[in-house]
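Proteins get letters first, then strands, A, B, ... in listed order; numbering begins at 1 in each.
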2 protein chains.
Amino acid sequence: MLVEQAITSADKLFLQLRNDIVEGVIPAGQKLSENELSTTYQVSRAVIREGINRLESCHLVERRANVGARVVALSATGLVELYDVRESLEGMAARLAARHMSDDEIDELFALLTEHHSTAKDGETYYQEAGDVDFHYRIVLGSKNQQLIQFLVNGIYHLVRMYRVQLGMAGPRVSTAYDEHLQIVKAISNRDEELAEMLMRRHILYSRNNIQTKLSD
Amino acid sequence: MLVEQAITSADKLFLQLRNDIVEGVIPAGQKLSENELSTTYQVSRAVIREGINRLESCHLVERRANVGARVVALSATGLVELYDVRESLEGMAARLAARHMSDDEIDELFALLTEHHSTAKDGETYYQEAGDVDFHYRIVLGSKNQQLIQFLVNGIYHLVRMYRVQLGMAGPRVSTAYDEHLQIVKAISNRDEELAEMLMRRHILYSRNNIQTKLSD
DNA sequence: CAACACTTAATTGTCGACAATTTAACCTAG
DNA sequence: CTAGGTTAAATTGTCGACAATTAAGTGTTG
């Protein structure tokens, strides 16, 4: 789906670290010792530093000069802030997708939805995980806005996923989400930019409220 | 206004490089040779690489493995994409500012506008440059959303400024922009999130159209 | 016993050298 | 003269060591 091939060893390390952080193998808030990582992953500190720099670009770690890097801490306010940004950017993505997606791409999007809807009947977890992600990715890519794609795909989505994984969000909202997705695609199909943006924003707002209630448990 | 102090030599180099790129001292699209920069700025290549990494985080340079880094190229489509993202994010910032700014902060914002309006009477350039930037900064900071602040202040704004500087945008739109700013602050003062977002989005849309016409000269 | 200063250990920042890869220049073959 | 391949130069990637800074520990003094 999204080919992200590693060329240098810094690439490989970055991808592994990012995954370990998102999945919680390296817990949120933990200090990242360069020496420790260097021996753990069997690469020089230069590679480690390069990797940490890139993680900082993704907002997954925070660095302070002469002190070091820590994995970001997850908090309720952090989640709210993240979803506000996401609502804004993905709303714009939906608007631009309605403007720029080809008819073929829209057809594929319809096909994707029905496919996911049918498979969700059996094991409902699949849709929530991969299906939802896939849907949002296609909209974002459909915007054809490189800047927007960068921000969301290489930045925000990993943080969103980190919240989802570490707060244990696999929950329901499957059937209702499907309907919301369908309405969004219809709006895009009708080239109704205004509606597409509005529906996407509400969809994310609902999603956020859903997570927030779980957070206060 | 915004204290961005450099601690390490990599910090200093980063700030200088960023400035040189935005101001066009290092022209858009140019290759950044590590050796060359290393001798020019009298620091080791490690520092140069660190600086380039951070510039990449700002989307001011693009890197390819085993090939090197180049300053981003300025294009019409790039500008449009940038402004779409900016419209989206700053619209959200205005909405959140209407929700989170204190009454005192709003008062200061009003004061800032009238002050800038009076000084603009004489030398009109001042308002467009510093005043406009200052206004937008305050709104963004008023959102109290760290994620949003990061994206805009440390990312997009430098690119926007790069476009402005290198395409020679000092132009008019002063008086009309003032009125638009005033309306936005009024909406924020009334805690009307919906209107504040809408007005900010239109304000940026106008600004973009204004620049776009100049671009096609 | 608390607070401050000093010393020491650990961590990050910076450097120069070597390895791996890419780019170019050149040469050869068709 | 062009196309392809080979070698050489230049550039980026990686490494280990040293310098600078921070954090921890220790002791001293009020």
Undergrad: Considering only heavy atoms from C-beta outward, does the side chain of B/V133 approach that of B/R138 to under 4.5 Å?
TA: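 No, their side chains stay 4.5 Å or more apart.
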Undergrad: Give the minimum heavy-atom separation between A/F14 and A/G51, together with the two atoms involved.
TA: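 Closest pair (atom of A/F14, atom of A/G51, distance): CD1-O, 4.0 Å.
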Undergrad: Counting C-beta onward and ignoring hydrogens, is there a side-chain heavy-atom pair between B/Q30 and B/I21 closer than 4.5 Å?
TA: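 SC-SC contact between B/Q30 and B/I21 ruled out.
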Undergrad: Does any residue of residues 46-67 of chain A have a heavy atom under 4.0 Å from DNA chain D, and if so, which ones, in number order?
TA: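 Heavy-atom cutoff 4.0 Å gives A/A46, A/V47, A/N66, A/V67.
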Undergrad: Test of understanding: with ring pair (Phe, Tyr, Trp, His ring centres under 6.0 Å), list the residues that count as partners of B/H158, not counting sequence neighbours.
TA: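 Not a single residue meets the ring pair (Phe, Tyr, Trp, His ring centres under 6.0 Å) criterion with B/H158.
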Undergrad: Taking NZ from B/K12 and C1' from D/dA20, how many angstroms apart are they, rounded to a whole number?
TA: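 The distance from NZ of B/K12 to C1' of D/dA20 comes to 12 Å, rounded to the nearest Å.
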Undergrad: Closest nucleotide of DNA chain C for A/I7 versus for B/D11: which of these residues is on the 5' side?
TA: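 Whichever sits nearer the 5' end wins; that is B/D11.
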Undergrad: Which pairs would a plain distance check flag for residues 104-112 of chain B, meaning a side-chain donor or acceptor within less than 3.5 Å of a matching protein atom at least two apart in sequence or in another chain?
TA:
residue	atom	partner	partner atom	Å
B/E105	OE1	B/S102	N	2.8
B/E105	OE1	B/S102	OG	3.4
B/E105	OE1	B/K144	NZ	3.3

Undergrad: Could you list all the salt bridge (charged side-chain N to carboxylate O under 4.0 Å, His left out) pairs where at least one residue sits in residues 20-32 of chain A, not counting sequence neighbours?
TA: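 Those involving residues 20-32 of chain A are A/E23-A/R161.
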Undergrad: Using a 4.5 Å cut-off on heavy atoms from C-beta on, say whether the side chain of A/R63 contacts that of A/I52.
TA: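 SC-SC contact between A/I52 and A/R63 confirmed.
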Undergrad: Reckon B/L32 touches a base, only the sugar-phosphate, or nothing at all at heavy-atom distances under 4.0 Å?
TA: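 The residue B/L32 makes sugar-phosphate contact but no base contact.
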Undergrad: Give the first and the last nucleotide of DNA chain C, reading 5' to 3', that has any atom under 4.0 Å from a heavy atom of chain A.
TA: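 Taking any atom under 4.0 Å from a heavy atom of chain A, the span is C/dT11 to C/dT14.
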Undergrad: Who pairs with B/Y157 by ring pair (Phe, Tyr, Trp, His ring centres under 6.0 Å), at least two apart in sequence or on another chain?
TA: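 B/Y157: ring pair (Phe, Tyr, Trp, His ring centres under 6.0 Å) contacts with B/Y137.
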